[in-house]
> 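Pasting a structure here, questions to come.
Chain identifiers are assigned alphabetically (A, B, ...) following the order of the sequence lines, protein sequences preceding nucleic acid strands; residue numbering begins at 1 within each chain. These numbers come from a predicted model, not from an experiment.
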There are 2 protein chains.
Amino acid sequence: MIFTTKAEYGVRLMVELGRQAKAEGAVATSLKAIAEAEGLPLAYLERIVALLRKAGLVESTRGAHGGYRLARTPGQITMDDVILALEGAVAPMNCFVDDTDTSRVLCSHEADSGRGCATKLLWMRVQGGVMEKLAQTTLAELVDFSYREQAATLPNDPTSRKPMTHA
Amino acid sequence: MIFTTKAEYGVRLMVELGRQAKAEGAVATSLKAIAEAEGLPLAYLERIVALLRKAGLVESTRGAHGGYRLARTPGQITMDDVILALEGAVAPMNCFVDDTDTSRVLCSHEADSGRGCATKLLWMRVQGGVMEKLAQTTLAELVDFSYREQAATLPNDPTSRKPMTHA
DNA sequence: GTTCAATCCTACCATCGCGGTCGGAGATCC
DNA sequence: GGATCTCCGACCGCGATGGTAGGATTGAAC
């Protein structure tokens with residue numbers, strides 16, 4: 001598994017905020033509303049949104065009628081920033097700590113075995129592939145995609161579609 | 001973390017077999033020798049190599065002087081096969097089970113919330129990026145890379161290399 | 001100014017997969 | 001027969017993940 005549910009829930013939360021941004025301008029959306037709409041645990045979402053706020057991706061207003069809104073427009077938010085805020089560095093492997101100061105990727109096994117880390121090349125390529133895709137994808141794309149998905153699945157699926165009118 | 005140590009150890013094991021293939025022709029290499037050379041636990045390697053054998057990537061001969069060798073030449077082995085054998089399907093997310101029979105990627109949250117899975121687009125792109133890089137990389141490249149790394153890290157001390165004594 | 005709704009923050013906890021071990025049974029060569 | 005070596009299944013500690021509990025703080029509405 002590449003990502004944990006932190007990424008899943010966090011991205012989903014960002015998409016929801018992106019929807020709200022388009023719909024209601026500058027009004028803040030409460031976490032409770034998002035949690036109910038997406039069927040996610042509120043308390044857990046609180047911790048996740050804190051990561052996004054610290055990264056400057058969302059802004060918050062406290063108190064009654066408070067909530068969260070995007071700090072930038074969805075088109076200006078790329079997913080590498082989002083994932084980085086949520087998951088920390090995206091590394092293919094534990095030993096793959098990219099040391100920014102030394103700019104050397106060193107593997108713990110490198111010291112043990114006499115030979116260099118044979119897998120380093122592969123992990124670097126994979127990581128590059130992931131980061132590339134993340135950087136290419138904007139939140140706006142995901143928001144649009146969520147509308148299209150909704151339109152595509154709703155009409156032809158009368159069986160299991162629950163309306164989001166919980167509570 | 002994208003991959004577990006199964007992938008790390010497994011790839012490393014394949015590289016080692018690739019080295020031996022170039023060096024000694026058709027002689028089988030014992031796991032013990034590889035475990036010692038790479039500083040990896042033998043018992044754990046046994047379970048890992050079993051995955052590679054079941055996938056038809058390595059062949060084994062039992063009994064004394066037995067061991068493992070590559071089923072194909074390093075140039076014919078791409079890393080997507082290797083990783084697939086080791087880790088199972090490379091999925092970005094738990095809910096991302098690509099149903100081969102329905103060929104539909106469905107997310108458990110999709111049923112709950114009225115809307116489609118907003119993150120599906122992102123995960124598909126990321127997975128595509130990973131698989132692309134894996135498929136582009138051959139074992140031969142990693143073997144070559146390991147030689148270059150070895151030469152780079154130990155320029156003037158070829159004797160410190162732990163010889164792979166066949167015990 | 002009380003109340004209520006919301007963000008914020010810290011601590012806590014259970015489950016589960018990962019990494020690793022152990023013991024033993026079957027091959028095979030000397 | 002003994003020495004290796006592959007094979008297989010069971011077992012296990014640990015840490016991260018996912019989730020919960022409780023409360024402090026802020027601010028709008030009444």
> Does a nitrogen or oxygen in the side chain of B/Tyr9 sit under 4.0 Å from OP1 or OP2 of C/dG20?
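So the side chain of B/Tyr9 is within the cut-off, an N or O lying under 4.0 Å from OP1 or OP2 of C/dG20.
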> Please pick, from C/dA27, C/dG19, C/dT21, the nucleotide with the shortest atom-to-atom distance to any side-chain atom of B/Thr4.
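From the listed options, C/dG19 comes nearest.
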> How many Å lie between CZ on B/Arg69 and P on D/dT6, as a whole number?
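The distance from CZ of B/Arg69 to P of D/dT6 comes to 11 Å, rounded to the nearest Å.
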> For B/Glu8 and C/dC18, give me the distance from atom CD to atom C1', rounded to whole Å.
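It is 15 Å, rounded to the nearest whole Å.
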> Over how many whole Å does the gap from B/Leu31 atom CG to D/dC8 atom P extend?
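That distance rounds to 13 Å.
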> Once hydrogens and angles are ignored, does a donor-acceptor distance under 3.5 Å link the base of D/dT25 to the side chain of A/Arg62?
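Check passes, donor-acceptor contact within cut-off.
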> Mind jotting down which residue pairs meet the ring pair (Phe, Tyr, Trp, His ring centres under 6.0 Å) criterion with at least one end in residues 67-92 of chain B? Sequence neighbours excluded, please.
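Output for this query is empty, none listed.
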> Of A/Arg53, A/Arg72, A/Arg69, which is the lone residue that meets salt bridge (Lys or Arg N to Asp or Glu O under 4.0 Å) with A/Glu59?
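Answer to the salt bridge (Lys or Arg N to Asp or Glu O under 4.0 Å) test with A/Glu59 among A/Arg53, A/Arg72, A/Arg69: A/Arg69.
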> Rounded to the nearest Å, what distance is computed from the CE atom of residue A/Met1 to the C1' atom of nucleotide D/dG18?
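A/Met1 atom CE is separated from D/dG18 atom C1' by 14 Å.
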> Look up atom OG1 in B/Thr137 and atom CZ in A/Arg125, then write down how far apart they are to the nearest 0.5 Å.
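B/Thr137 OG1 to A/Arg125 CZ: 4.0 Å, rounded to 0.5 Å.
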> For B/Leu40 and B/Ile34, run side chain to side chain contact (heavy atoms under 4.5 Å, CB included): C-alpha distance rounded to whole Å, both residues' side-chain angles, the deciding distance at 0.1 Å, then the answer.
CA-CA 8 Å; B/Leu40 301 178; B/Ile34 295 179; 5.9 Å; no
> Apply side chain to side chain contact (heavy atoms under 4.5 Å, CB included) to A/Lys133 and B/Glu132, showing your working.
CA-CA 11 Å; A/Lys133 297 294 180 184; B/Glu132 186 185 335; 4.3 Å; yes
> How long is the span from the CZ atom in B/Arg12 to the CD1 atom in B/Ile48, to the nearest 0.5 Å?
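Output value for this atom pair is 11.0 Å.
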> Which residues within residues 43-60 of chain A lie with some heavy atom under 4.0 Å of an atom in DNA chain D?
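Nucleic-acid contacts, sorted: A/Ala43, A/Tyr44, A/Arg47.
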> Between B/Tyr68 and B/Ala64, which has a closest nucleotide on DNA chain D that is more 5'?
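The 5'-side residue here is B/Ala64.
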> NZ of A/Lys6 versus P of D/dG19: gap in Å, rounded?
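Spelled out: NZ on A/Lys6 to P on D/dG19 is 11 Å.
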> Show every donor-acceptor pair shorter than 3.5 Å between a side-chain atom in residues 75-88 of chain B and any protein atom, with sequence neighbours excluded, or say none if there are none.
{"from": "B/Gln76", "atom 1": "OE1", "to": "B/Thr73", "atom 2": "N", "distance (Å)": "3.4"}
{"from": "B/Gln76", "atom 1": "OE1", "to": "B/Thr73", "atom 2": "OG1", "distance (Å)": "3.2"}
{"from": "B/Thr78", "atom 1": "OG1", "to": "B/Asp80", "atom 2": "OD1", "distance (Å)": "2.6"}
{"from": "B/Glu87", "atom 1": "OE1", "to": "B/Thr4", "atom 2": "OG1", "distance (Å)": "3.4"}
{"from": "B/Glu87", "atom 1": "OE2", "to": "B/Thr4", "atom 2": "N", "distance (Å)": "2.9"}
{"from": "B/Glu87", "atom 1": "OE2", "to": "B/Thr4", "atom 2": "OG1", "distance (Å)": "2.8"}
{"from": "B/Glu87", "atom 1": "OE2", "to": "B/Ala7", "atom 2": "N", "distance (Å)": "3.3"}

> Measure NE2/A/His65 against P/C/dT3 and give the value in whole Å, please.
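Value for this atom pair: 18 Å.
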> Reading DNA chain D from 5' onward, which residue's closest nucleotide shows up sooner: B/Gly63 or A/Leu42?
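Upstream on the strand: B/Gly63.
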